[in-house]
Amino acid sequence: MRITKRSTRYAAIAVGLAFIAASCGSDGGSSSNDTTAGTTAGTTAAAPETTAAASETTAGGAETTAAASGGAAMTLTMNINPDAVWDDGSKITFADFQCTMDAILNTPGSLSTVGYDKITSLEQGTDDHQVIAKFSEVYAPYKNLFAGIIKADAVDNCKDVSADFADNIPFSARPYKIDSWSLDQLVLSKNAAYFGDDKPTVDKIVMVPKADSDTEIASLVAGESDFIFPQAYAGITDAINDPNIKSTPGYGTNYEGLYFQQGVDCTPDASRSCAFKDADFRHAFAKSIDRNLIRDNIYDPIFPGGPLLNCGLWVPTIGPWCDQTIFGDADGKDAYFDATAADTILGGAGWAKDASGMWAKDGVAPEIHWVINSGNTRRESTQALLIPEMKKAGFNIVADNCDAACYFQQRLPSLEYDMAMYIQTASPDPTVTGIMACDSVPSEANGNKGQNSSGWCNEEASKLMTQSDQTVDETERADLIHQIGGFLATDAVMLPLYQFPNIAAWRTDQVGGPVDADAANYQAFQNIGAWTDLNGDGQIVIGAEQWPECLNPITECANSSWYQWTTGFKVLPNVWDTTSKGTYETSALVTGEPEVTLG
């Protein structure tokens, strides 16, 4: 198998297992699949327990304690369930939490260190089942942390796990564990040592990659797959029109958009022109894209009457974070498209159309490389629609696509593109620091860490992101999130397109139980242990739209939603899990809601 590391220039989007945004292609995201990566109706720093003293209301309406905390701005105390064990029966302890944090902070090419970099110390409490994290500042999205815990005894060096987990995660603290993994399939079997109440019902889960949406759908219709989780496209309803197939949409934290790579270190090569480093060109280019045209031709056939997404990096169905006026008008239509303004911007900045009608400067007309994951029907249709329209406007775009693993695990994290289209799968918390802050642009200077694959750096916006992460009042935090969204528009970082649902589709003659219960969950079909086998073959077969090339939960391997959905979330324990309602709940890993103390 081929394991690709980040180039020294940059390298590979979304869920670093600390609930980072994932990207998808079918993505299902991220974060990021389309970048898997990531995002569910809920709020942020939800209901921690309280201890004495004066309290403050968090973004989730809960209370935290404003008490002395040993000089720390915030202290998080987590009590590990004494029954929590790995699949070999060994206890999960403080050492595993320490190892996970060490790996995230120090591993070369770590996907994201956001949040963990605010922890000044991680200490063992009264025994090795109590973990105390002290923060340098209040960190509202703390429930995104301490997810994807790795087993300390399974690695030689917790501070560098880059060479580990190429084709296996040899431990589990979930209902299932990995029997085998390859580029052809993943087999999960019951974890006999699992300590939670949600014991698995079916002995075996088999996940099989499908080459494209048509193949995925065909496998369900033929009965080869029991369940699929496809991205919607025009005609999908007819394609799965079968008396034994049922489907349901799940509107969670998935949002599709167009992204313009503008990294300051961008060097033109075969995969990018770096034209969007020029702010005037980027702004005019974005102003020339008619999103109403995309809605009418791409999304409306799939979701008739559905509105454009007009807020930056969020969705309108979860919390107060989405300001639909940023890119849109009162009717929910595109208010950003302005071809006349685009011409004025370029003319004033020294650009002029050449003999072929393309905008050029100093005799050079940029060739914009638009990358998507090949085989994604909706995105390929968007390219077919938009490329000729943009050529009429004077912009030369070429489709420069590759398969999902190449797209999400290599080119997006490496910033090896000019323009991209993908779904961000975000956690229910509205933080965007990990995917948009200056410090999150992967570079040699930061050890190629970070998920800001657009390469955007606006110091003022980054300060707002940090301030938002320090704000527990929901109203104040929403205002900050809206301001950050405004910068995405003024800096032409991206164009939002649509809040995208996951589609859970399954054969009612082959699998039963609450199959659709997690359709909107950030963690996606996380409740497979509760499903039942109806055809008596002793297994549930899931057809997967995308497939990772490696299984490392710390590096770019984890930069796709489908990595998380098939592997990361299925075997690695979290302190907090997400729900289909967009909220957080503590998992069986801990004895109850951790205590948060504000200093």
Side-chain angles (χ1 to χ4, degrees), residues 9 257-298 308 310 312 326-329 333-372 379 382-401 411 415-421 441 453-458 460-461 486-497:
R9 183 177 54 229
L258 298 171
Y259 294 80
F260 311 120
Q261 197 270 115
Q262 53 181 286
V264 294
D265 293 331
C266 186
T267 302
D269 57 28
S271 64
R272 57 193 178 183
S273 67
C274 300
F276 293 136
K277 289 172 64 174
D278 185 313
D280 293 313
F281 183 83
R282 184 178 70 250
H283 197 190
F285 183 93
K287 285 277 186 186
S288 300
I289 295 176
D290 185 352
R291 293 187 303 132
N292 286 330
L293 182 71
I294 299 174
R295 180 203 57 201
D296 294 345
N297 289 274
I298 302 299
L308 282 172
N310 283 312
I326 292 175
F327 289 89
D329 59 22
K333 296 182 179 179
D334 186 359
Y336 195 81
F337 171 61
D338 190 335
T340 301
D343 289 349
T344 300
I345 292 169
L346 289 171
W351 291 79
K353 289 188 176 181
D354 63 14
S356 63
M358 298 298 105
W359 286 105
K361 191 173 187 179
D362 299 327
V364 177
E367 183 179 75
I368 306 301
H369 291 252
W370 182 356
V371 62
I372 61 168
R379 293 183 185 136
T382 306
Q383 286 184 324
L385 170 71
L386 202 56
I387 288 175
E389 291 296 319
M390 293 299 284
K391 187 172 184 179
K392 295 176 186 176
F395 300 98
N396 182 25
I397 305 176
V398 295
D400 186 8
N401 306 331
R411 289 189 61 182
L415 282 66
E416 293 176 356
Y417 72 95
D418 289 317
M419 177 179 175
M421 179 181 181
V441 178
S453 61
S454 68
W456 176 53
C457 178
N458 182 307
E460 187 176 354
F487 276 109
L488 298 177
T490 57
D491 285 3
V493 180
M494 54 85 67
L495 291 176
L497 295 175

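W359 meets the side chain to side chain donor-acceptor pair (under 3.5 Å) test with no other residue; sequence neighbours excluded. Applying the ring pair (Phe, Tyr, Trp, His ring centres under 6.0 Å) criterion to Y336, with sequence neighbours excluded, gives F327. Considering only residues two or more places apart in sequence or on other chains, D491 meets the salt bridge (Lys or Arg N to Asp or Glu O under 4.0 Å) condition with none of them. Judged as a side chain to side chain donor-acceptor pair (under 3.5 Å), and not counting sequence neighbours, the contacts of S273 are D418. Annotation: side-chain contact (heavy atoms from CB on, under 4.5 Å) contacts of A461 (sequence neighbours excluded): W456, N458, M465, F487. Partners of E389 under the salt bridge (Lys or Arg N to Asp or Glu O under 4.0 Å) rule, at least two apart in sequence or in another chain, are K392.
To the nearest 0.5 Å, the span separating CD1 on I372 from CE on M419 amounts to 10.0 Å. Atom NZ of K287 sits about 12.5 Å away from atom CG of D343, to the nearest 0.5 Å. Q261 contributes atom CD, which lies 5.5 Å from atom OH of Y417 (distance to the nearest 0.5 angstrom). One distance of note links CG of D265 with SG of C274; it measures 10.0 Å at 0.5 Å rounding. Atom CD of Q262 is separated from atom CG of D278 by 11.0 Å, given to the nearest 0.5 angstrom.
Using modelled atom types, no side-chain atom of R282 and backbone atom of A275 make a donor-acceptor pair closer than 3.5 Å. Put simply, the side chain of K277 gets close to the backbone of C266: a donor and an acceptor are under 3.5 Å apart.
The shortest side-chain heavy-atom distance between L495 and F260 falls under the 4.5 Å cut-off. W351 places none of its side-chain heavy atoms less than 4.5 Å from the side chain of I345. N310 is listed as a side-chain neighbour of R291, based on a closest heavy-atom distance under 4.5 Å. You'll find the side chain of M421 reaches within 4.5 Å of the side chain of W370, heavy atoms only. Put simply, the side chain of V398 reaches to within 4.5 Å of the side chain of H369, judged on heavy atoms. Q383 is not listed as a side-chain neighbour of I397, based on a closest heavy-atom distance of 4.5 Å or more. By the 4.5 Å heavy-atom criterion applied to side chains, F395 and S288 are counted as neighbours.
Residues S271 and E416 approach most closely at OG-CB, 3.6 Å, considering heavy atoms. D400 and V371 make their closest contact through O-CG2, 3.1 Å (heavy atoms, listed as atom of the first residue, atom of the second, distance). Nearest heavy-atom pair, P388 versus L385, reported as atom, atom and distance to 0.1 Å: CD-O, 3.6 Å. Scanning both residues, M494 and Y259, for their nearest heavy atoms gives CB-CD2, 3.7 Å. I326 and G312 make their closest contact through CD1-N, 4.3 Å (heavy atoms, listed as atom of the first residue, atom of the second, distance). Here the shortest heavy-atom pairing between L346 and D280 reads CD2-O, 4.2 Å.
By the 4.0 Å N-to-carboxylate-O rule, D334 lies too far from R295 to be salt-bridged with it.
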Practice task
Would you please test L308 and I294 for side-chain contact (heavy atoms from CB on, under 4.5 Å) and show each step?
Solution key: CA-CA 9 Å; L308 282 172; I294 299 174; 5.8 Å; no
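For the side-chain contact (heavy atoms from CB on, under 4.5 Å) test with I298, the passing option among L386, L497, T382, L293 is T382; the others fail.
Around NZ of K361, the count of heavy atoms belonging to other residues, nucleotides or ligands within 6.0 Å exceeds 12.
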